[in-house]
Protein chains: 2
Amino acid sequence: MYTIGQVSEMFDLPISTLRYYDKEGLFPELERKSGIRRFSDRELEALRLIECLKKSGLEIKDIKQFMIWAAEGPSSYSDRKALIEARKAVIEAELAKLKKALDMLKFKCWYYDTAIRDGNEDRLREMIPDKLPPDIQKLFDNAHA
Amino acid sequence: MYTIGQVSEMFDLPISTLRYYDKEGLFPELERKSGIRRFSDRELEALRLIECLKKSGLEIKDIKQFMIWAAEGPSSYSDRKALIEARKAVIEAELAKLKKALDMLKFKCWYYDTAIRDGNEDRLREMIPDKLPPDIQKLFDNAHA
DNA sequence: CCTTGACATAAAGTCAGGTTTAGGTATTAC
DNA sequence: GTAATACCTAAACCTGACTTTATGTCAAGG
């Protein structure tokens with residue numbers, strides 16, 4: 001069992017954030033001893049999942065729904081699975097977008113390297129959009145797809 | 001040359017957002033014809049980069065600084081390159097975090113598949129944390145690292 | 001005893017990034 | 001000529017996710 005201060009340290013989250021999550025209903029089974037929160041391994045695992053669901057763009061109120069389902073037991077397995085599956089798809093899509101953004105930034109890095117070497121963008125303007133070196137062309141095409 | 005409505009369609013962005021970006025100084029060289037904005041290829045490429053920089057978590061006011069540099073010409077190449085390089089590093093870090101979150105969700109998918117098949121979590125509780133099937137163990141370990 | 005530190009609450013405040021509203025202009029379609 | 005569209009501005013408004021503030025409780029150490 002852990003105090004809010006210990007959990008705050010473990011997860012590198014402000015205490016105020018943990019209290020906010022609790023107030024929003026993200027720990028429906030959280031125990032208290034004379035008013036003081038006592039976080040168990042169940043809450044730590046919940047917190048790990050909360051961070052992943054947040055990364056998937058899920059809102060707090062929808063994370064709360066998940067945690068309520070979890071407190072309800074086996075009857076909600078399929079609801080929980082459906083939600084996780086949906087957020088997995090969102091993250092996969094987000095990963096693809098992020099890779100595209102990364103290719104744009106890699107292209108721009110090469111672009112400015114070249115511009116710095118040349119002192120201007122004249123040569124670059126002649127190579128864009130389809131006369132770039134093969135590896136750079138791939139970055140450019142993906143970033144502009 | 002494109003009107004704001006055409007750009008809105010091309011990028012699937014609300015007109016209000018494009019006007020907001022303009023008001024925030026993201027298109028310092030945007031032309032107007034009797035008050036009406038005329039977006040050129042320069043602004044379209046800026047917009048593509050804006051979307052990538054936003055994905056990297058860069059704030060509007062810092063994107064504005066970049067666009068001001070771009071309008072200043074070759075003297076700012078190295079400033080621009082440094083900013084792009086820094087945001088590339090941020091995206092690479094974000095990609096790693098997102099993959100970790102994805103592994104957590106993949107693990108939870110398997111978890112609920114199993115719980116649904118078993119009707120309870122008894123067997124799962126015995127396998128966690130280190131007696132999982134090898135491929136699942138990898139997901140679990142990465143998600144809990 | 002009294003101060004320090006960790007815990008607690010409710011309610012107000014903050015912030016970025018838009019969005020909406022209210023009111024106006026300019027061109028084209030009938 | 002007037003109605004529909006597409007454009008314009010300034011300023012108010014909104015939202016989610018915290019964070020801060022003001023106030024209070026409680027246990028341990030000197």
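Note on naming: letters A, B, ... go to the chains in the order of the sequence lines (proteins, then strands), and numbering restarts at 1 for each one.
- With respect to the salt-bridge test (charged N to carboxylate O, under 4.0 angstrom), the residues B/K108 and A/E45 qualify.
- Remark: B/D22 CG to B/T17 OG1 distance equals 12.5 Å, nearest 0.5 Å.
- With no hydrogens or angles considered, no side-chain donor-acceptor pair links B/E43 and B/Y2 at under 3.5 Å.
- Comparing the local axis fitted to the first five base pairs of the helix from C/dC1-D/dG30 to C/dC30-D/dG1 with the one fitted to its last five gives a bend of 10°, rounded to 10°.
- Think of the region where chain B sits on DNA chain D: with heavy atoms and a 4.0 Å cut, that region ends 5' and 3' at D/dC7 to D/dT9.
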When you compare the protein's N or O atoms with those of nucleotides 17-24 of chain C, which come within less than 3.5 Å of each other, and at what distance?
unit_1: C/dG17; atom_1: OP2; unit_2: B/I60; atom_2: N; d: 3.4
unit_1: C/dG18; atom_1: OP2; unit_2: B/Y21; atom_2: OH; d: 3.2
unit_1: C/dG18; atom_1: OP2; unit_2: B/K54; atom_2: NZ; d: 2.8
unit_1: C/dT19; atom_1: OP2; unit_2: B/S16; atom_2: OG; d: 3.3
unit_1: C/dT19; atom_1: OP2; unit_2: B/T17; atom_2: OG1; d: 2.4

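- Residue pairs meeting the salt bridge (charged side-chain N to carboxylate O under 4.0 Å, His left out) criterion with at least one member in residues 129-141 of chain B, sequence neighbours excluded, do not occur.
- Remark: B/R48 does not engage B/D41 in a salt bridge, criterion side-chain N to carboxylate O under 4.0 Å.
- We find that B/E94 and A/K55 are joined by a salt bridge, their nearest charged nitrogen and carboxylate oxygen being less than 4.0 Å apart.
- Note on B/E85 versus B/K81: salt bridge recorded, some NZ/NE/NH1/NH2 to OD/OE distance being below 4.0 Å.
- Salt-bridge check for A/R87 with A/D62: failed, with every basic side-chain N at 4.0 Å or more from each acidic carboxylate O.
- Between A/D22 atom CG and C/dC7 atom C1' there is a gap of 13 Å when expressed in whole angstrom units.
- Side-chain atoms of A/S8 do not come within 3.5 Å of backbone N or O of A/P14 as any donor-acceptor pair.
- Atom-to-atom distance recorded for A/R80:CZ and B/I116:CD1 is 9.0 Å, nearest 0.5 angstrom.
- Against DNA chain C, the stretch residues 33-44 of chain A makes heavy-atom approaches under 4.0 Å through A/G35, A/I36, A/R37.
- Remark: C1' of C/dA6 and CZ of A/R19 are 9 Å apart, rounded to the nearest angstrom.
- With hydrogens and angles disregarded, no donor-acceptor distance shorter than 3.5 Å links the side chain of A/E31 to the backbone of A/R38.
- Side chain of B/S76 to main chain of B/D79: no donor-acceptor pair is present (N/O by atom type, distance under 3.5 Å, no hydrogens or angles).
- Among residues two or more places apart in sequence or in another chain, the side chain to side chain donor-acceptor pair (under 3.5 Å) test is passed with A/R19 by none.
- Rounded to whole angstrom, the span from the CZ atom of A/R32 across to the P atom of C/dA8 amounts to 6 Å.
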